[in-house]
Student: 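Pasting a structure here, questions to come.
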Amino acid sequence: MASSLQDLTFHLVTFGCQMNKHDSERIAGMLEALGAVPVGSIEEADVVAFITCCVREAADTRLYGQVASLKSLPLRPGTPLAKRLVAVGGCIGQRDRERLCQELPHVDAVFGTHNLGSLPQLLARAIEQGKAQVEVLEASDSFPTELPSDRERAWAAWLPITIGCDNFCSYCIVPHVRGREKSRPLEDVVAEAQGYVDAGVREVTLLGQNVNSYGRDLYGEPRFAEVLDAVDATGVERLRFATSHPKDLTDGVIGRFGTLRSLMPALHLPVQSGSDRILAAMNRRYTAEHYLSLVGKLRAVRPDIALSTDVIVGFPGETEEDFLATYRLIEEVGYNQVFTFIYSRREGTPAAALDDPTPPEVIQERFDRLVDLVQRRSFELNQPYLGRTLPVLVEGASKRDGAVLAGKDPYGSTVHAPVPEGRTAEGLAGTVVDVAIDQARTWYLAGEVTALHG
Ligand code: SF4
């Protein structure tokens with residue numbers, strides 16, 4: 001097996017959420033273990049694998065377009081292959097299966113969300129037989145964490161604690177492509193976290209579609225607060241998690257923001273809408289009042305907690321009144337970051353059958369109004385950080401300027417600062433520096449480095 005991939009070059013293209021990014025790290029680790037060599041571009045690659053997302057139509061269309069464009073791309077000089085191998089995996093693989101090969105005949109391998117580990121065998125068989133291989137499973141008994149990983153950042157790790165989702169929000173395709181929720185045994189989670197800490201990882205992010213319901217399938221009741229306690233006890237420096245469903249966020253988990261040393265004061269808590277009527281139609285199973293009560297409890301425990309959220313504008317049947325309820329909630333909560341989306345109809349979900357009389361230009365106008373609000377509030381909420389000195393975990397150089405470092409403060413905000421003399425941004429990556437904040441912009445903070453902590 002290893003010989004068929006040995007010395008082939010590969011490039012991964014990843015769409016969508018952190019779970020997909022984590023899956024890509026596993027796929028890269030697996031291919032490298034078999035002797036394949038990662039390269040930075042599609043042009044240099046013998047094997048191109050797409051890890052896909054079908055949550056929104058735009059990403060879906062882009063995937064088909066991008067894969068189609070590979071057909072005419074010249075092979076890299078010196079390749080041992082007669083044709084570039086193209087694999088499509090993840091959510092679109094799971095959903096579209098053979099259709100991918102019918103519409104894109106140059107695709108060689110299709111795999112789903114439950115069998116990342118099959119990719120090497122599929123590629124080997126495609127080389128051997130000279131025809132496309134499709135393998136998609138309905139469920140899996142194992143977690144991708146059992147595969148080797150090539151982490152993008154040595155100092156940070158994503159750690160899936162659940163896969164799949166049982167919530168069936170009416171607009172969402174995820175439960176249909178990721179399957180039912182499955183939790184990983186607590187001792188496996190802790191062992192993996194401890195391994196990361198022992199290897200020098202400073203930040204661990206626990207992942208799941210709804211981390212708050214962790215353990216319900218395995219232990220009969222959610223045990224996410226215990227996961228937080230146990231991972232904190234490994235000695236990790238920074239602990240984060242995503243994503244939280246408001247209906248399952250317990251007082252126990254909220255309380256941990258006040259007691260656990262490593263748990264960062266930042267929480268992504270998707271609200272989706274501020275209208276109870278729309279929340280019910282979305283099958284979110286909480287009200288705006290309940291959501292606001294969670295925000296109140298979080299701020300009572302940790303007054304400086306930074307909140308972020310997701311909002312869908314233009315869900316079928318949304319009226320101006322519904323939209324204003326969302327607008328008021330966003331204004332009232334005061335989020336450091338809001339991810340705004342226009343509703344994207346996904347075939348196969350209950351919401352896809354709902355009629356919507358609202359003209360697209362009305363939805364667009366609401367969306368624009370909301371974006372203006374989000375920008376104004378983000379700018380306002382960043383001002384209190386002026387004059388503070390924050391510990392920043394450096395990620396590397398800022399995208400625009402190699403002489404400026406970029407990293408994250410405990411609140412999850414991006415912080416920029418000129419690289420101190422005699423240092424490089426790359427050299428400081430993975431270390432913590434103190435930054436005295438003297439600029440508070442809409443999307444980032446900036447200042448001067450006052451101390452290096454290594
Ligand atoms: S909680 Fe809802 S939105 Fe999130 S993945 Fe599950 S079904 Fe989709």
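Each residue takes its place number in the sequence, starting with 1. FYI, side chains are in, hydrogens and waters are out, and symmetry mates aren't considered; it's all heavy atoms of this structure. Every number for a ligand or one of its atoms is a count from 1 in the order of the listing.
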Student: Are F367 and F341, when compared by the centres of their aromatic rings, separated by less than 6.0 Å?
Tutor: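 No: the rings miss the under 6.0 Å criterion.
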Student: With rounding to the nearest 0.5 angstrom, report the CZ to NE2 distance, R346 to H176.
Tutor: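 Answer for the CZ-NE2 pair, R346 versus H176, is 11.5 Å.
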Student: With heavy-atom distances below 4.0 Å as the criterion, list the atoms of ligand 1 near H245.
Tutor: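 Those qualifying, in numeric order: 1 (S).
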Student: Using the six-membered ring of F15, assess whether NZ or CZ of R62 lies under 6.0 Å from its centre and within 45 degrees of the ring axis.
Tutor: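 Cation-pi check for R62 and F15: fails.
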Student: Do you know which of Y214, Y286, F168, F224 makes ring pair (Phe, Tyr, Trp, His ring centres under 6.0 Å) with H245?
Tutor: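 Of all the options given, the one that passes is Y286.
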Student: Any side-chain heavy-atom pair from N167 and K247 closer than 4.5 angstrom?
Tutor: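 Counting from C-beta outward, N167 and K247 do come under 4.5 Å.
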Student: What protein N/O/S atoms sit under 2.8 Å from atom 8 (Fe) of ligand 1, by chain and number?
Tutor: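 Short answer, with waters excluded from the count: C172 SG.
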Student: Say whether R284 and ligand 1 are in contact under the criterion: heavy-atom distance to a ligand atom below 4.0 Å.
Tutor: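 Judged by the 4.0 Å heavy-atom criterion, R284 does count as contacting ligand 1.
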Student: Between T113 and Q94, does any side-chain donor sit less than 3.5 Å from a side-chain acceptor?
Tutor: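 Per modelled atom types, T113 and Q94 side chains form a pair under 3.5 Å.
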Student: Using a strict cut-off of less than 4.0 Å between a Lys/Arg side-chain nitrogen and an Asp/Glu carboxylate oxygen, indicate whether R178 and D23 qualify as a salt bridge.
Tutor: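 Judged by the 4.0 Å cut-off on N to carboxylate O distance, R178 and D23 do form a salt bridge.
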